[in-house]
Amino acid sequence: MLADHDRSQRQPLYRCSPRPETERENIRESTLEGLDTAARKGKHGGRPPVITDDMLHTVLRRRAGGESVEQIQPDLIIPTGKRKGHNPSVASIYRALAEHAKREAYPAIDQAHADFAALQVGEVPGPRPAFPDRASL
């Protein structure tokens, strides 16, 4: 009997409080709106890359010359961010090389990302030349 009485007193309080699902949904919607607004302005989140395009070019050129990543690493300097002026880690260099290899293997992905970004801004991407099919190569 006492349990029924306690439940009836708690129930109106429960109905008045916002439900956690609603709060989470509101937070999610406002976050997505903020990200969408930032994307339209050309902004994106995340940390700046440690390995810049110039550094990657240097690593690729020197690797083609026969040097190891461990030999190249002391000569590279991080240009911006918290670790400005320090050397990037060997792991960061290998990660950048793997990402570069992936972009080279799948060039259409970069174009698809660019097309998607253009659609988000409201631009319609123009026609592209077709990729040659692999049978003709």
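Values below: all heavy atoms of this structure, side chains included; hydrogens, waters and symmetry mates excluded.
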Can you tell me how far the CD atom of Gln73 sits from the CD atom of Glu67, to the nearest 0.5 Å?
12.5 Å

Between atom CZ of Arg83 and atom CD1 of Ile78, what is the distance when rounded to the nearest 0.5 Å?
4.5 Å

Taking transitive links into account, so neighbours of neighbours count too, which hydrophobic residues share a cluster with Ile77 at under 4.5 Å side-chain distance?
none

Taking C-beta and beyond as the side chain, do Leu76 and Ile72 meet within less than 4.5 Å on heavy atoms?
yes

Shortest non-hydrogen pair, Ser68 vs Gln71, comes out as N-OE1, 2.9 Å

Sequence neighbours excluded and cut-off under 3.5 Å, please list the side-chain donor-acceptor pairs for residues 88-103, or say none.
residue: Ser89; atom: OG; partner: Ser92; partner atom: N; Å: 3.0
residue: Ser89; atom: OG; partner: Ser92; partner atom: OG; Å: 3.0

Please report, to 0.1 Å, the donor-acceptor pairs under 3.5 Å made by any side chain of residues 27-42, with sequence neighbours excluded.
residue: Ser30; atom: OG; partner: Asn26; partner atom: O; Å: 3.2
residue: Ser30; atom: OG; partner: Ile27; partner atom: O; Å: 3.0
residue: Thr31; atom: OG1; partner: Ile27; partner atom: O; Å: 2.8
residue: Asp36; atom: OD2; partner: Arg40; partner atom: NH2; Å: 2.5
residue: Thr37; atom: OG1; partner: Glu33; partner atom: O; Å: 2.9

In this structure, which one of Leu56, Asp54, Val50 forms a side-chain contact (heavy atoms from CB on, under 4.5 Å) with Thr52?
Asp54

Would Asp75 and Arg62 satisfy side chain to side chain contact (heavy atoms under 4.5 Å, CB included), going step by step from the backbone distance to the final call?
CA-CA 11 Å; Asp75 298 333; Arg62 289 177 64 178; 2.8 Å; yes

Do Pro79 and Met55 have side-chain heavy atoms sitting under 4.5 Å apart?
yes

